[in-house]
2 protein chains.
Amino acid sequence: MKNLNTYFKSAFTVDNVIFGFDESDLKILLIKRQEEPYNNHWGLPGYFVLPDEDLNTAARRVLKQLAGIDNVFLEQVKSFGAVDRHPVGRVITVAYYSLVKIADFNPTPDNDVAKEVRWFSVSDISALDLAFDHEEMINVCFQTLKRQVRIRPVGFELLPPKFTLTELQHLYEAILETDLDKRNFRKKILSMNLLIDLEEMQEGVAHRPAKLYKFDSDKYEEFLQDGFSFEVKESKRKEPKPSLSN
Amino acid sequence: MKNLNTYFKSAFTVDNVIFGFDESDLKILLIKRQEEPYNNHWGLPGYFVLPDEDLNTAARRVLKQLAGIDNVFLEQVKSFGAVDRHPVGRVITVAYYSLVKIADFNPTPDNDVAKEVRWFSVSDISALDLAFDHEEMINVCFQTLKRQVRIRPVGFELLPPKFTLTELQHLYEAILETDLDKRNFRKKILSMNLLIDLEEMQEGVAHRPAKLYKFDSDKYEEFLQDGFSFEVKESKRKEPKPSLSN
DNA sequence: GCCACCTAGTGTACAAAATACACTAAATGA
DNA sequence: TCATTTAGTGTATTTTGTACACTAGGTGGC
């Protein structure tokens, strides 16, 4: 066994993959770095964990400091620790993912780490040449979101308080990257009793206005506990299942 | 922003939660520590990550060194980083979980970190007063296993090459902590075409011998890719689902 | 050799959930 | 008033899940 001092020479950071949803488009919040390494590159809002700070606390603090976002869903996803992932030294990072309502925040870099903060469509991100291994982290978190969307009512976190069923469907389509059947989707969603019909109509649209709904927080809590299944299937007939053997 | 040196004073470790299955019993491999802190306590096989070592590499190395286990399924689960979780300094640990065939290894502590290595039934572990936050880590990994068992054919990793359907069912029952209906379980499992009937019989049992099966690795690979659903339901009628609203 | 014991192995009817699919309704604005 | 756009709805069919109880085929004791 080596001297313990050998080991106490590394650092860790937290990085947040923040998802938002806006007009049929799934987005991620990025910052334009203004310090080395990767000065001027876009990257995830992340920073070092303080010596006396828990991981979750650090993730929330950094999110608040770098993007002005707080009080949101935030959950640890995975740690990344390739030896050479950080040019300055050995730095492991813990990736968090977060779901926010875009309209709730006006992200401004109030800190000298970032010179700009902006929402990017998920589909545009691969063109950006992100800092560090942030692109890989985003991919992993997106996969996590795709998995979670089936077992947790993510709309709660990503949609404004009042929304239409079509908006909710678009959200699912954006996350799952597939088309859903309108009637089946509605049947399924309504059958969960998770939505409250506000008996209000959409306004200012040049077509038949849709009914507005909100989520029923009590039901939501119940369902979170029970780990209910929120499966939503796509509209195209799937491959025939591995056929029965007998 | 602080001087970077402030941050480069921490260490990280990996800890492995190793599941095995043996005669209807789900087990976890623990070591009896022979160094401070927590000398003489049982705990997970884990150790510091070397300065020039990737996380996954470290997890495999430690597993090999401390328990003589290699070439197994091993996957990162979560990082634990409470400020005071390690008495010696700031140490974040990355938890891995692993599935092994108990008969494949004869775990012996070939290193001076552990004075003993032993399989414990999951149900006996809460009585042990484990080192660090290892009990919490085990709970999290057990939850992960429960989730994974539904979407990945874990029997592959935990059962010997030849097994009976009853053994497979017992495995699922142990992981899910529930009873399953024999006929429905068999119907479901066989319908996936994941098993190959070896046309051999169990031997040396004092009752009607069961047929032996093995897993079909080709099908397994396919299914891993497609992320197929491996749901197996319990035998008691479930709570009525949240009732349809209309 | 037969019987007691033990686990293996099997099928069916019913209920619930998933899926495919197309037309009418209600608003705007030209 | 009509062209355009999106909202909203129901049913028949298929697939999947679930409940449930008896016979089959070995061993070992007597």
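When the C1' atom of dT10(C) is taken as reference, atom NZ of K211(B) falls 11 Å away, rounded to whole Å. Nucleotide dT16(D) holds its P atom 15 Å from the CD1 atom of I189(B), rounded to whole Å. If you measure from atom CZ of R186(B) to atom C1' of dG17(D), you get 18 Å, rounded to the nearest angstrom. Rounded to a whole Å, the CD atom of E203(A) is 15 Å from the C1' atom of dA26(C). Here dA8(C) presents its C1' atom at 13 Å from CG of D197(B), a figure rounded to the nearest Å. dG8(D) atom C1' lies 13 Å from atom CD of Q202(A), rounded to whole Å. If you take CZ of R150(B) and P of dG17(D), they are 12 Å apart, rounded to a whole angstrom. Straight-line distance from the CZ atom of F163(A) to the P atom of dA7(D): 14 Å, rounded to whole Å.
Taking the centre and axis of the six-membered ring of F215(B), the NZ or CZ atom of K219(B) falls outside the cone set by 45° and 6.0 Å.
Shown here for L195(A) and F163(A), the closest heavy-atom pair between the two residues is CD2-CZ, 3.8 Å.
Counted within 6.0 Å of NZ on K146(B), heavy atoms from surrounding residues, nucleotides or ligands total more than 12; the atom is thus considered enclosed. For K214(B), the NZ atom counts as loosely surrounded, since its 6.0 Å shell holds 12 or fewer non-hydrogen atoms of other residues, nucleotides or ligands.
A side-chain contact (heavy atoms from CB on, under 4.5 Å) with L165(B) holds for exactly one of H170(B), K211(B), K182(B), R186(B); it is R186(B).
When the side-chain nitrogen and oxygen atoms of K188(B) are compared with OP1 and OP2 of dG17(D), one or more of them lie within a distance under 4.0 Å.
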Per-nucleotide protein contact string for nucleotides 20-27 of chain D, where B marks a base within reach and S marks sugar-phosphate only (heavy atoms under 4.0 Å, - for neither): BB--BBBS

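Among the atoms of the strands shown, only primed sugar atoms or phosphate atoms (P, OP1, OP2) are found under 4.0 Å from some heavy atom of T166(A).
By the ring-ring contact (aromatic ring centres under 6.0 Å, His included) test, F19(A) pairs with no residue at all, sequence neighbours left out.
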